[in-house]
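One structure is given below, encoded as structure tokens.
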Amino acid sequence: DSGVTQTPKHLITATGQRVTLRCSPRSGDLSVYWYQQSLDQGLQFLIHYYNGEERAKGNILERFSAQQFPDLHSELNLSSLELGDSALYFCASSVREAINEKLFFGSGTQLSVL
Amino acid sequence: SQQGEEDPQALSIQEGENATMNCSYKTSINNLQWYRQNSGRGLVHLILIRSNEREKHSGRLRVTLDTSKKSSSLLITASRAADTASYFCATAPYGNNRLAFGKGNQVVVIP
């Protein structure tokens, strides 16, 4: 158990809908990262938050947004969903901001858009 | 964005044999990390090697880093069926606050 909690584990929805994925980092970790994993694209970095502030953006679509709350949990919002958004979404956490340490990954949310 | 590229992408070996995977990257890095992912589950960190290190060991794992060739290798010695997983290298480029992952190596250890 990595200590990172992601909910829900599975999500099935229809095109055009909006969903929210939730992540609770390990106790004491201030950084939260979101990744998308699909067969064709592999693991793609989406966004990084540190102590409530956005620090880096990757290949995140404009239809996607995220935030980190004062209690450090984070939410990834996906709207106007398309079939191609079906993927495994991971969040990971680390203590500090800089990527000089390992990340702890949650078990992911499997999103299926039908 | 720069990513590691693992080679070979799929490997099938007998239990007890060694498994070697390679990773290449394109730009200067702070460090390189290896992660393991069991089918459909979260990634688990295995080892981190910094740019000023050449070799690192952790249990049955040995990682090398050659910054002149921009490549790294992961060796798993005396493999076990439980080592069956996908292995990813990830790089942290200088000045870039993100970890970029390669596409992964699938390793199957046959009992």
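All values below were derived from every heavy atom in this structure, side-chain atoms included, with hydrogens, water molecules and symmetry-related copies excluded. Worth saying up front: this structure is predicted, and the values here are computed from it rather than measured. Just so we're on the same page: letters track the sequence lines, and every chain starts at 1.
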Do A:F105 and A:L30 sit in one hydrophobic cluster, given that two such residues count as connected whenever their side-chain heavy atoms are within less than 4.5 Å of each other, even indirectly? no
Of the backbone (N, CA, C, O) and the side chain (C-beta and beyond), which part of A:D1 lies under 4.5 Å from a heavy atom of chain B, both, or neither? neither
Do B:L74 and B:L48 belong to the same hydrophobic cluster, where Ile, Leu, Val, Met, Phe, Trp and Tyr are linked whenever their side-chain heavy atoms lie under 4.5 Å apart, directly or via other members? no
Check the surroundings of atom CZ in B:R80: do more than 12 heavy atoms from other residues, nucleotides or ligands lie under 6.0 Å from it? no
Region of A:L88 in contact with chain B, defined by heavy-atom distances below 4.5 Å: side chain
Side chain, backbone, both or neither: which part of B:L43 has an atom under 4.5 Å from a heavy atom of chain A? both
In this structure, are over 12 heavy atoms from other groups packed under 6.0 Å from A:I12 atom CD1? no
Taking B:L61 as the starting point, is it possible to reach B:I49 by hopping between hydrophobic residues whose side chains are less than 4.5 Å apart? yes
Check: B:R98 side chain, A:L46 main-chain N or O, donor-acceptor pair, under 3.5 Å: no
Going through the checks in order, is the side-chain contact (heavy atoms from CB on, under 4.5 Å) test met by B:Y35 and A:K102? CA-CA 9 Å; B:Y35 287 79; A:K102 61 184 180 182; 4.2 Å; yes
Name the region of A:Y50, side chain, backbone, both or neither, that has any atom closer than 4.5 Å to a heavy atom of chain B. neither
Counting only non-hydrogen atoms closer than 4.5 Å, does A:K9 touch chain B with its backbone (N, CA, C, O), its side chain (CB onward), both, or neither? neither
Is the number of heavy atoms from other residues, nucleotides or ligands within 6.0 Å of CD (A:E62) greater than 12? no
Indicate the atoms forming the closest heavy-atom contact of A:F45 with B:L99, along with that distance. CB-O, 4.4 Å
Could you look at A:Q110 and say if it's the side chain, the backbone, both or neither that has a heavy atom under 4.5 Å from chain B? neither
If I compare all heavy atoms of A:F90 with all of B:R41, which pair ends up nearest, and what's the gap? CZ-O, 3.4 Å
Around atom CG of A:L114, are there more than 12 heavy atoms of other residues, nucleotides or ligands at under 6.0 Å? yes
